[in-house]
Number of protein chains: 2
Amino acid sequence: MRKPKINTMEELSSAISVSRPTLSRYFQDPESVRSSTRTKIETALQRVDYVPNFFATRMNRKATGLIGVIIPYLNDLFYTSLLEAIERAAIAADYTVITQSSHGDAALEARAVEKLLSMNADGAIVAPLGASSDPAAIERLSANLPLVFVDSRPISMPDNADFVGTDNRQSIRLIVEYLCRTGPAPVFLRMPRLNSNSQEREAAYLREMERLGHEPAFVEAGGQQDSWDFEGFAYELLDRHFSHGTYTKATILCANDRLAIGAIRAANRHRLFRPDAREAPALRIAGHDDHPLSRYMTPPLTTVSQDAPAIANAAMRMLMQRVRADAPRDASAMEQTFEAALRLRDSA
Amino acid sequence: MRKPKINTMEELSSAISVSRPTLSRYFQDPESVRSSTRTKIETALQRVDYVPNFFATRMNRKATGLIGVIIPYLNDLFYTSLLEAIERAAIAADYTVITQSSHGDAALEARAVEKLLSMNADGAIVAPLGASSDPAAIERLSANLPLVFVDSRPISMPDNADFVGTDNRQSIRLIVEYLCRTGPAPVFLRMPRLNSNSQEREAAYLREMERLGHEPAFVEAGGQQDSWDFEGFAYELLDRHFSHGTYTKATILCANDRLAIGAIRAANRHRLFRPDAREAPALRIAGHDDHPLSRYMTPPLTTVSQDAPAIANAAMRMLMQRVRADAPRDASAMEQTFEAALRLRDSA
DNA sequence: CTCCCATTTTTACGCGAGTAAAGTTTTGCG
DNA sequence: CGCAAAACTTTACTCGCGTAAAAATGGGAG
């Protein structure tokens with residue numbers, strides 16, 4: 001039942017007696033050949049096993065039709081949501097996406113950059129590691145192809161680099177305002193990893209607290225942490241605090257939902273949430289991002305939503321502009337940030 | 001500060017006066033050239049911007065050094081864990097992995113297959129969609145390159161297809177046995193999507209219940225569901241049930257942890273878990289997989305662990321055997337399943 | 001049945017590098 | 001210092017297909 005395997009267009013050509021150039025045109029655009037020969041080719045194609053060689057086809061075109069995507073870490077539903085949306089958009093635009101994960105490692109991120117360069121990608125969408133990124137690698141990528149950053153900015157943002165992300169100032173203002181209005185002012189639980197988001201959110205927190213006349217405060221964390229196990233980090237940190245009786249009646253604003261998930265677990269372990277109590281709970285926990293599982297926590301997490309699909313789509317549109325219309329690379333940088341929306345649930 | 005861009009080896013060759021064939025050898029294995037010329041090349045390389053064209057390099061080699069990976073869905077931490085481990089192993093083995101997500105759609109899965117074929121990948125690791133997969137596409141891939149399935153088997157498993165996964169019979173036996181020993185026998189909550197795992201787990205459940213002399217039962221679900229939103233599916237189903245007072249004192253064994261996460265939320269919404277009660281809780285919920293966030297649920301989810309990294313590594317080893325030693329493709333199929341371990345936490 | 005335009009076929013070259021063969025230079029050793 | 005082996009340079013062909021130009025073919029309008 002296996003169809004005879006044909007490896008090259010040349011073979012196909014002689015096998016079905018259609019010239020190779022015509023086949024070439026057919027595979028680039030079936031509409032570009034007369035309908036009679038088209039059906040001739042297509043019926044033949046059903047009887048044999050052939051796919052044009054991807055590498056050979058791309059080598060001679062001006063554009064490769066490839067878009068590189070680099071994300072810092074795979075096991076994070078926020079990044080996979082981004083990826084998912086980017087891939088869908090790319091498929092719609094008839095581009096092939098080459099996904100590379102940095103696995104939280106700057107060396108691998110640099111390696112991913114090299115790979116994209118060697119593949120002559122038409123453009124790239126990068127969610128950088130952040131502080132640990134290799135600036136030279138980023139710069140190199142940016143110098144050689146249109147590049148838009150998503151989620152966070154690299155430490156040393158190349159000139160004229162495009163960016164799409166969330167408006168951290170707005171999102172933090174929203175949640176801080178809400179928390180202050182409905183209870184004690186929040187203490188802030190930082191992200192262990194430093195990237196522009198962590199900095200921006202901290203800054204926004206400070207600014208907003210000041211504006212509202214509250215004393216800002218950060219959850220005490222010993223030593224520099226450098227792990228992508230956000231839930232574990234927050235859980236252990238707060239478990240320790242709660243054991244010592246600290247923060248047990250606080251309002252904790254977590255820099256992202258994954259931290260909040262760990263925090264909620266610690267709180268529940270210490271029975272700090274009282275579902276049956278009439279009065280407002282003593283402890284409140286809020287997050288940031290609206291992680292897909294946040295609504296399934298107990299209590300469901302109050303947070304602000306970061307719209308991953310919107311960010312992904314905007315990034316693709318922006319990249320397409322640079323790639324296609326060839327918005328001059330030296331033109332001014334584009335930037336687009338999305339506002340977040342409050343997701344009021346029960347945790348705060 | 002930008003280095004002069006060099007596009008081809010030819011240019012590089014004349015620019016640094018080292019012949020092209022020598023450069024070719026250098027890029028394939030720096031050790032294969034005399035150390036003096038190596039340093040000559042390397043110092044030159046620091047002054048200019050050049051990467052060998054990926055496509056051109058692969059075109060003439062017998063092996064492309066590519067490994068294709070197809071996973072059904074990106075927003076699922078189990079699959080991303082698999083991917084993560086596969087990529088790490090591939091990097092170690094000096095292979096480039098091309099990741100393709102089916103996005104839960106058979107047409108996209110087939111498209112991914114075409115892409116891998118067109119790229120002449122040396123091998124592929126595929127976590128199939130399952131029942132909705134296009135058998136022809138799978139067959140086509142299997143016919144053209146070494147292929148090992150992970151996680152679940154395709155409906156129509158090609159002959160001599162390799163497989164790596166979890167021993168569902170063993171894992172289900174483990175959890176059913178435990179549940180029966182410590183309380184009421186479990187009812188089973190099926191996966192909405194049909195793949196070999198769902199079938200095997202159901203069958204294992206039936207078998208084990210029978211062996212232990214209990215009456216098997218399934219959580220009633222109206223109509224065929226076909227969504228990847230497992231948590232939402234389980235949440236809404238059980239929320240409805242709990243509202244009607246059904247299953248409120250049952251022991252529910254979920255076909256996977258994502259379902260369990262939704263189930264736990266529904267249970268908590270109805271105050272079905274009583275953290276303060278002395279006696280054993282009336283409602284018990286157990287899962288399967290040991291999803292990264294299971295331990296952070298409230299109550300923490302009792303489940304059986306599926307070792308994604310182990311599965312991924314085994315799959316890579318198996319594939320490497322086929323690819324490298326060229327374990328004859330027509331030889332007997334290899335199969336490896338991993339045993340699961342009980343993760344006793346508080347939900348059951 | 002013409003004539004013309006649209007398609008297709010022929011022919012030939014190019015992309016960027018792998019690779020083989022022959023000739024030349026360098027290196028290591030005695 | 002002489003020599004063989006190792007490494008390099010030259011030359012030329014290959015991979016699978018894009019693409020351009022010229023010649024040949026086909027189909028439809030008149």
Side-chain angles (χ1 to χ4, degrees), chain A residues 5-42 44-45 48-66 96 114-122 144, chain B residues 5-42 44-45 48-66 96 114-122 144:
Chain A
K5 172 85 180 174
I6 286 198
N7 289 308
T8 78
M9 242 182 215
E10 200 83 45
E11 284 177 41
L12 217 211
S13 166
S14 56
I16 71 178
S17 55
V18 170
S19 74
R20 196 177 63 70
T22 301
L23 286 178
S24 175
R25 290 177 51 217
Y26 168 80
F27 283 109
Q28 289 176 64
D29 175 14
E31 297 302 310
S32 68
V33 305
R34 197 192 300 149
S35 76
S36 64
T37 62
R38 191 186 319 144
T39 55
K40 182 176 173 187
I41 296 177
E42 278 164 358
L45 238 31
V48 300
D49 195 359
Y50 170 76
V51 240
N53 181 297
F54 189 86
F55 299 148
T57 60
R58 309 295 158 147
M59 204 165 50
N60 280 343
R61 298 192 186 157
K62 42 259 136 221
T64 53
L66 291 182
T96 298
E114 294 304 303
K115 192 137 290 170
L116 296 188
L117 287 176
S118 76
M119 302 230 245
N120 259 311
D122 291 341
N144 286 293
Chain B
K5 173 83 179 173
I6 284 197
N7 289 307
T8 80
M9 241 183 215
E10 200 83 45
E11 284 177 41
L12 218 211
S13 166
S14 56
I16 71 178
S17 54
V18 170
S19 74
R20 197 177 62 71
T22 300
L23 287 177
S24 176
R25 291 178 50 218
Y26 168 80
F27 282 109
Q28 289 177 63
D29 175 14
E31 296 302 310
S32 68
V33 306
R34 198 191 300 147
S35 77
S36 64
T37 61
R38 189 184 322 141
T39 54
K40 182 176 173 187
I41 296 177
E42 279 165 355
L45 237 33
V48 300
D49 195 358
Y50 170 75
V51 241
N53 181 299
F54 189 86
F55 300 149
T57 60
R58 310 293 158 148
M59 207 163 49
N60 276 348
R61 298 195 187 153
K62 42 263 131 220
T64 54
L66 291 182
T96 298
E114 293 305 304
K115 192 137 288 171
L116 295 188
L117 286 176
S118 76
M119 296 219 208
N120 260 308
D122 291 342
N144 286 294

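Chain naming here is simple, since letters A, B, ... match the order of the sequence lines and numbering starts at 1 in each.
Side chain of A:Arg20 to backbone of A:Glu10: no donor-acceptor contact under 3.5 angstrom is found. Not a single donor-acceptor pair under 3.5 Å links the side chain of A:Ser118 to the backbone N or O of B:Asn53. Listed for the B:Lys40 side chain is a donor-acceptor partner under 3.5 Å among the backbone atoms of B:Ser17. Proximity of a side-chain donor or acceptor of B:Arg25 to a complementary backbone N or O of B:Val33 within less than 3.5 Å is not detected.
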Check step by step if side-chain hydrogen bond (donor to acceptor under 3.5 Å, both in side chains) holds for A:Gln28 and A:Ser24. CA-CA 6 Å; A:Gln28 289 176 64; A:Ser24 175; 3.2 Å; yes
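Put simply, chain B comes within 4.0 Å of DNA chain C, heavy atom to any atom, from C:dG16 to C:dT27, going 5' to 3'.
Here the closest heavy-atom approach between residue A:Ile6 and residue A:Leu12 is recorded as CG2-N, 3.7 Å.
Comparing B:Ser36 and A:Val33, the nucleotide of DNA chain C nearest to each residue sits closer to the 5' end for A:Val33.
OP1 and OP2 of D:dC8 both lie 4.0 Å or more from every side-chain N or O belonging to B:Thr22.
B:Tyr26 is not listed as a side-chain neighbour of B:Val18, based on a closest heavy-atom distance of 4.5 Å or more.
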Just by protein heavy atoms under 4.0 Å, how would nucleotides 11-18 of chain D read 5' to 3' in B, S and -? BB-BBBBB
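Note: A:Phe55 and B:Phe55 have parallel aromatic rings, judged against thresholds of 30 and 60 degrees for the angle between ring planes.
Between the NZ atom of A:Lys40 and the P atom of D:dG26 there is a distance of 10 Å, rounded to whole Å.
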